[in-house]
Amino acid sequence: MATTRIGLDQLPPATRTAVEEHTGPLLAVEESTKGFNSEIAARVTSATGTWHIKGLRTDHSRAWTQRREATVAPFLTNLAPALRWRVEAAGWDLLGFEALGGHHADYAPGSPDLPEVASLLRRLNETPCPDIELRRAEQRLEHYAAHPDDLHYFAGTHLLHTDLNNTNVLVNARAPQSNRARLVDWAWATRGAAWLDAAYWTIWLIAAGHTPTSAEHWAAETPAWHTAPAEGITAFAAANANIWSEISNADPDPWPLRLATAANAWHANRGTG
């Protein structure tokens, strides 16, 4: 479920003062409506620069997501916006990231963003998984797999993002080709099989209008996809059909229903094709 947003001006004065120790007096604040996990999400500008701020109360049930993002950020060069500072003050935990230009990725068939996302996933596959505390993919999927024996397909030693929502991918058309896309929101960073992010992307591609075959074609643009056993991909599709069914039943908004439909279509296709 989405977290209720508040404005930066609603923060305690001590928290705002701590932020301005890094930024200087703020000249402009643009609140963001994208994303689901943060109570604070804003692009702020001062005389010294521009940052994207996201944050939660330190007693929030998902406060661990802030810690996860802060811990993984130093290892995401060329993959994600850099973390410039962190503020923990007056009951709030705020992260200040470099503000990236660009647009949210378009996953529709024929979009020029698709090769850029594929390139981004290839770079992620080549990035060593840091020796930090991360949940394991097989652990996250254990309640959704059709069979307990399927879980070994998801285990591995690679760094994964696992939330390939197109709003988590920023594409800067002015950057060099094949290096234009960046991933934001690493709260669900995970350790697992190298091919899993391409598989997560597949569901979002189907939701954007691709057929399951077309979506898998794009997944296959990542070499890691070719390491996945067919049975493992089918097992992943089955688990995610269960995940999105549960999410859409709990939150029957259009977007989870769209993802549930996509996941079910992929699962059905894997079962018959």
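Sequential numbering from 1 along the given sequence is applied to the chain's residues. Since this is a predicted model, take the numbers as computed values, not measurements.
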Following the transitive rule for hydrophobic clusters with a side-chain heavy-atom cut-off under 4.5 Å over Ile, Leu, Val, Met, Phe, Trp and Tyr, establish whether [X] and [Y] coincide in one cluster.
X: Leu121; Y: Ile233; value: yes
X: Leu205; Y: Leu257; value: no
X: Leu27; Y: Ile53; value: no
X: Phe97; Y: Val29; value: no
X: Tyr144; Y: Leu151; value: yes

### Task
Flag yes if more than 12 heavy atoms outside Glu133 fall under 6.0 Å of its CD atom; otherwise flag no.
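No, not enclosed.
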#### Entry: Greater than 12 external heavy atoms within 6.0 Å of Asp59's CG
yes
Could you check whether any side-chain N or O of [X] sits under 3.5 Å from a backbone N or O of [Y], counting only pairs where one atom can act as donor and the other as acceptor?
X: Arg140; Y: Trp188; value: yes
X: Arg270; Y: Ala230; value: yes
X: Thr50; Y: Ala99; value: no
X: Asp251; Y: Ile247; value: no
X: Glu31; Y: Leu8; value: yes
X: Ser119; Y: Ser178; value: yes
X: Arg191; Y: Asp131; value: no

Taking all heavy atoms of [X] and all of [Y], pick out the closest pair and write down the distance.
X: Pro109; Y: His210; answer: N-NE2, 3.4 Å
X: Ile206; Y: Pro212; answer: CD1-CA, 3.9 Å
X: Ala235; Y: Tyr153; answer: CB-CD1, 4.1 Å
X: Asn179; Y: Ala175; answer: O-CB, 3.9 Å
X: Leu159; Y: Leu76; answer: CD2-CD2, 3.8 Å
X: Val117; Y: Ala105; answer: CG2-CB, 4.2 Å

Point-to-point distance, once rounded to the nearest 0.5 Å, from [atom1] of [X] to [atom2] of [Y]:
X: Asp185; Y: Lys54; atom1: CG; atom2: NZ; answer: 3.5 Å
X: Leu183; Y: Leu124; atom1: CG; atom2: CG; answer: 7.0 Å
X: Leu95; Y: Glu69; atom1: CG; atom2: CD; answer: 6.0 Å
X: Thr167; Y: Trp204; atom1: OG1; atom2: CH2; answer: 6.5 Å
X: Thr234; Y: Asn269; atom1: OG1; atom2: CG; answer: 9.5 Å
X: Ser214; Y: His217; atom1: OG; atom2: NE2; answer: 7.0 Å

Under 4.5 Å between any side-chain heavy atoms of [X] and [Y], yes or no?
X: Leu79; Y: Leu120; value: yes
X: Gln66; Y: His60; value: no
X: Trp51; Y: His22; value: no
X: Trp92; Y: Glu39; value: yes
X: Asp197; Y: Thr162; value: yes
X: Trp85; Y: Val19; value: yes
X: Leu94; Y: Arg86; value: no
X: Asn168; Y: His161; value: yes

### Message
Pair Glu20, Arg16 - check salt bridge (charged side-chain N to carboxylate O under 4.0 Å, His left out), show working.
### Response
CA-CA 6 Å; Glu20 293 187 346; Arg16 180 142 176 160; 3.6 Å; yes
#### Entry: With Tyr200 via ring-ring contact (aromatic ring centres under 6.0 Å, His included) - residues at least two apart
Phe236
### Task
With sequence neighbours left out, write down each residue that passes ring-ring contact (aromatic ring centres under 6.0 Å, His included) with Trp266, or none if nothing qualifies.
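Trp266 satisfies ring-ring contact (aromatic ring centres under 6.0 Å, His included) with no other residue.
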### Message
Working note: Arg180 + Arg174, criterion side-chain contact (heavy atoms from CB on, under 4.5 Å); need CA distance, chi angles, decisive distance, verdict.
### Response
CA-CA 8 Å; Arg180 293 174 174 171; Arg174 297 183 178 181; over 6 Å; no
Could you pull out every donor-acceptor pair under 3.5 Å between side chains of residues 221-229 and any protein atom, sequence neighbours left out?
{"unit_1": "Thr222", "atom_1": "OG1", "unit_2": "Ala219", "atom_2": "O", "d": "2.7"}
{"unit_1": "His226", "atom_1": "NE2", "unit_2": "Ala220", "atom_2": "O", "d": "2.8"}
{"unit_1": "Thr227", "atom_1": "OG1", "unit_2": "Ala224", "atom_2": "O", "d": "2.5"}

### Message
Using the rule given for side-chain contact (heavy atoms from CB on, under 4.5 Å), can you reason through Arg123 versus Arg182, listing the C-alpha separation, both sets of side-chain angles and the distance that settles it, and then say yes or no?
### Response
CA-CA 10 Å; Arg123 296 198 303 276; Arg182 296 291 185 270; 3.1 Å; yes
### Query
Taking it one step at a time, do Leu196 and His158 satisfy side-chain contact (heavy atoms from CB on, under 4.5 Å)?
CA-CA 9 Å; Leu196 288 182; His158 286 260; over 6 Å; no
### Task
For salt bridge (charged side-chain N to carboxylate O under 4.0 Å, His left out), just list the numbers for Arg67 and Asp93, CA-CA rounded to whole Å, side-chain angles, deciding distance to a tenth of an Å, and then say yes or no.
CA-CA 9 Å; Arg67 296 190 294 272; Asp93 185 353; over 6 Å; no
### side-chain hydrogen bond (donor to acceptor under 3.5 Å, both in side chains) evaluation trace for Asp113 with His103
CA-CA 10 Å; Asp113 294 343; His103 60 271; 3.0 Å; yes
#### Entry: Evaluation steps, side-chain contact (heavy atoms from CB on, under 4.5 Å), between Val184 and Leu170
CA-CA 8 Å; Val184 303; Leu170 293 177; 4.0 Å; yes
### Query
So, Thr48 and Ser46: side-chain donor and acceptor under 3.5 Å apart, yes or no?
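Yes, a side-chain donor-acceptor pair sits under 3.5 Å.
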